[in-house]
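Everything on this sheet refers to the single structure shown next.
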Amino acid sequence: MAARPGSQGRRQVPEDTRCEAHREPLRLFCDDDQTLLCGRCRAQQHDGHAVYGVQEAAGGYRRLFQELLNASREKLGVAESMLADERDRMATVQGEEQDFKEMIESEYRIRFQLMVEEMNFQSLEGCVFNLNVRENGLNQLMEFATELKEKSQETLQICGLQRITAELEKKCGDYTLALLQNARCSVERSESLLRQCLEPAQITDLSLCLVTGMSRMLNILQRAVTLDPKTAHPCLVLSEDLRSVSLRNVQQDVPGSPGRFVFGATVLGVEGFTSGRHYWEVDVEKATKWQLGISEDSASSDGDLPAASRDKFLLTGSVMGTDYTFWVFPPLKRVFLRGEQMHKVGVFLDREYGQVAFYDVTNRSLIYNFSSLAFRGAVRPIFSLCIPSGGTSSDSLSICFPHVSPCDVNVSP
């Protein structure tokens, strides 16, 4: 009776093993049946099969195992590099996830406060309110977190490569008869794993998670912001009504002012807010790179405070070709939004609660918000364009006129 290497599981076959039926040395190997044979077994049961001497068979499999081992080590190195990159990406995304959660909570507080104010506003009496923003946003985050966990588990497939590499290393170091144990099974298992393509996990971009809707009360709070010529950089040209600003290719001869910006194409709004809630909208469609936000007079409400001494909270938008990117400061970090051009940006300030929020007015969705800010001085709107390093620019920003929509539809704050 021939000795089948796999019939005893993983138990090692001693080199001096003899055939159980004929008590002769097992010096042959049937590749068809993956069986160790003695000379009499071959004649009786394996006529016509591919039978080799054990040394020849082991040599052939050893070379094949070495080739598979080299391929497995190479693929394992690539997989480990991909896994390291993926872990870094996941750590970043999880940080973004926490930021998004904080944004949802802050936006919920803003809308709740505005809802209370709306209910007390006579012209909006009887409107219907919807505060599902928090629940909808957190549901999006739960789905996103579940996906992250699943993608993380997918990376554990690297363990299969580690196991097969260890098995092949052992096979290459085994003596003749032990190497032939389960030889074909090891080859097929290794080849099957090596045929699988390595693909990084496709993690859903957080730009697909949106906080949609805007409070109707923002229209009521919209202010007629105007630009302050005394703070405008010499490269900026203000319109007569002080509601638009554009770039000039040559600096103008303007009177000196301690509050004037000299290092960036920036201008402040005339209005300085020391209390209350305020909202304004800016048309950014004609600008390729812009900044909007607020600037605080840290020590006092003195409008002549040097520009460099002001604390700022900014949203930056940039377009290059068809690609759009958005950043906030401080700290400087990218805001992941769908790559669509923005036409109007809304800026909301709640002086008492220390909140600043930016909205995509066209799509009626939240871009980003700052919360728990501790204002000390007057807060003024800030507007910036980018001075081109070469050539000319016709970029411009325009402050939108306030408007109040009639309350004849449901309100979704």
Side-chain angles (χ1 to χ4, degrees), residues 207 214 222-223 225-229 231-239 241-249 251-252 260-271 278-296 307-308 310-349 356-370 379-401:
S207 65
M214 293 173 61
Q222 189 169 355
R223 307 305 180 204
V225 172
T226 53
L227 303 172
D228 183 359
T231 65
H233 184 277
C235 278
L236 294 179
V237 178
L238 308 187
S239 62
D241 63 0
L242 300 179
R243 303 186 69 87
S244 296
V245 56
S246 58
L247 276 173
R248 181 187 179 98
N249 298 319
Q251 290 197 19
Q252 306 170 89
R260 189 177 301 281
F261 288 88
V262 294
F263 296 111
T266 302
V267 60
L268 295 178
V270 171
E271 296 73 19
H278 310 274
Y279 175 74
W280 57 96
E281 292 179 358
V282 183
D283 189 331
V284 299
E285 189 172 6
K286 296 180 181 179
T288 56
K289 188 170 184 179
W290 46 264
Q291 280 187 337
L292 300 174
I294 63 163
S295 174
E296 181 193 8
R310 302 177 185 274
D311 292 330
K312 305 175 185 67
F313 296 90
L314 304 171
L315 169 69
T316 299
S318 176
V319 55
M320 184 173 293
T322 58
D323 296 327
Y324 300 89
T325 55
F326 303 94
W327 299 79
V328 291
F329 174 85
L332 182 64
K333 58 183 175 182
R334 185 171 177 179
V335 179
F336 289 89
L337 299 173
R338 295 173 183 173
E340 300 176 355
Q341 183 178 12
M342 289 188 183
H343 303 292
K344 288 183 181 180
V345 174
V347 184
F348 171 73
L349 165 68
V356 176
F358 299 95
Y359 296 94
D360 180 346
V361 177
T362 305
N363 293 323
R364 296 186 61 79
S365 61
L366 176 69
I367 301 172
Y368 190 83
N369 59 33
F370 295 93
V379 175
R380 302 172 67 181
I382 187 170
F383 311 84
S384 296
L385 292 168
C386 181
I387 300 174
S389 56
T392 61
S393 172
S394 58
D395 282 10
S396 65
L397 297 171
S398 298
I399 302 170
C400 302
F401 284 98

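Every value quoted in this text rests on a predicted model; they were computed, and no experiment measured them.
Looking at heavy atoms from C-beta onward, Val345 lies out of side-chain contact with Tyr359 at the 4.5 angstrom threshold. Counting only heavy atoms from C-beta outward, the side chains of Cys400 and Gln222 approach each other to under 4.5 Å.
Remark: the backbone N or O of Thr226 is paired with a side-chain donor or acceptor of Glu271 at under 3.5 angstrom. A donor-acceptor contact shorter than 3.5 Å links the side chain of Asp241 to the backbone of Arg243. Side chain of Asp360 to backbone of Ile367: no donor-acceptor contact under 3.5 angstrom is found. Not one N or O on the side chain of Ser384 forms a donor-acceptor pair closer than 3.5 Å with the backbone of Gln291. Side-chain atoms of Thr231 come within 3.5 Å of backbone N or O of Leu268 as a donor-acceptor pair. With hydrogens and angles disregarded, a donor-acceptor distance shorter than 3.5 Å links the side chain of Arg260 to the backbone of Pro229.
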> Should Ile399 and Phe383 be marked as a side chain to side chain contact (heavy atoms under 4.5 Å, CB included) after you check the CA-CA gap, both sets of side-chain angles, and the distance that decides it?
Replying inline: CA-CA 10 Å; Ile399 302 170; Phe383 311 84; 3.7 Å; yes
>> side chain to side chain contact (heavy atoms under 4.5 Å, CB included) for Val361 and His343? Distances and angles first, verdict last.
In response: CA-CA 8 Å; Val361 177; His343 303 292; over 6 Å; no
> Could you go step by step and tell me if Arg380 and Asp228 meet the side chain to side chain contact (heavy atoms under 4.5 Å, CB included) rule?
Replying inline: CA-CA 10 Å; Arg380 302 172 67 181; Asp228 183 359; 2.7 Å; yes
>> Could you go through Val267 and His233, starting from their C-alpha distance and side-chain angles, then the distance that decides it, and tell me whether this counts as side chain to side chain contact (heavy atoms under 4.5 Å, CB included)?
In response: CA-CA 6 Å; Val267 60; His233 184 277; over 6 Å; no
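With values rounded to the nearest 0.5 angstrom, Phe348 atom CZ is found 9.5 Å from Trp280 atom CH2. One distance of note links CG of Leu247 with CG of Leu236; it measures 6.0 Å at 0.5 Å rounding. A distance of 11.5 Å separates CD in Glu281 from CG in Leu292, rounded to the nearest 0.5 Å. Within the model, atoms CG of Leu385 and OG of Ser396 stand 7.5 Å from one another, a figure rounded to the nearest 0.5 Å. Between the CG atom in Leu315 and the OH atom in Tyr368 there is a gap of 10.5 Å [rounded to 0.5 Å]. Taking OG of Ser398 as the start and NZ of Lys286 as the end, the distance is 6.5 Å to the nearest 0.5 Å.
Here the shortest heavy-atom pairing between Leu366 and Ala357 reads CD1-CB, 4.3 Å. Of all heavy-atom pairs between Val319 and Ala287, the closest is CG1-O, 4.2 Å. Of all the heavy atoms in Lys344 and Val284, the pair that sits closest is N-CG2, 4.5 Å.
Every residue meeting the ring-ring contact (aromatic ring centres under 6.0 Å, His included) condition with Phe313, not counting sequence neighbours, appears here in chain and number order: Phe370.
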